[in-house]
Amino acid sequence: MPRISRAKEIELRRSAALELAAKGYSQTEIAQKLNYHKSTISNDIRYLKEKAKEQFKRHVEQELPYEHRVAIQGLQYVMRQAITIAEQT
């Protein structure tokens, strides 16, 4: 059976840790279930939190302004259509 890479092992461990944390398990319980040291799981959870903060910041700074512009354009279109309909009746 081929051995998985170290990077893939870490990715799988973090994914499993995240899933268990989302279900309400403590870091100690996660470590026991996954058979890793508590400090390893603690580092994984810290990494995942930092990654989530970075993604959230990027979303707020880059994606939300775009989505806001699209929403405003949509509202303006709807307003123009409403005015057109009102003028025709």
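Starting from 1, each residue takes its place in the sequence as its number.
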Q.
Within this structure, what is the NZ-CZ distance for the pair Lys49 and Arg46, rounded to the nearest 0.5 Å?
A. 9.5 Å

Q) For the side chain of Thr84 and the backbone of Arg80, is there at least one donor-acceptor N/O pair under 3.5 Å apart? A) yes

**Q.** Between NZ on residue Lys53 and CG on residue Leu48, distance to nearest 0.5 Å
**A.** 12.5 Å

Q. Salt-bridged, Lys51 to Glu54, with N to O below 4.0 Å?
A. no

Q. Quick one: NE2 on His37 to CG on Asn43, what's the gap to the nearest 0.5 Å?
A. 10.5 Å

**Q.** Worked verdict on Arg14 versus Glu11 for salt bridge (charged side-chain N to carboxylate O under 4.0 Å, His left out)
**A.** CA-CA 5 Å; Arg14 286 178 177 164; Glu11 179 185 340; over 6 Å; no

Q | Residues in side chain to side chain donor-acceptor pair (under 3.5 Å) contact with Tyr36, at least two apart in sequence or another chain | A | Glu9

Q.
Which heavy atom of Lys38 sits nearest to which heavy atom of Thr28, and what is that distance?
A. CE-OG1, 3.1 Å

Do any side-chain atoms of residues 66-79 form donor-acceptor pairs under 3.5 angstrom with protein atoms, and if so which ones, sequence neighbours left out?
none

Q) Does one hydrophobic cluster hold both Ile4 and Ile10, with members joined at side-chain heavy-atom distances below 4.5 Å? A) no

Q: Determine the minimum heavy-atom distance between Leu34 and Arg13, stating which atoms define it.
A: CD1-O, 4.0 Å

(Q) If you define the side chain from C-beta out and look only at heavy atoms, does anything of Glu87 sit under 4.5 Å from Ile83? (A) yes

Q: Taking all heavy atoms of Ala17 and all of Ile30, pick out the closest pair and write down the distance.
A: O-CD1, 3.7 Å

Q | Least distance between heavy atoms, Ile41 atom then Gln27 atom | A | CG2-O, 4.0 Å

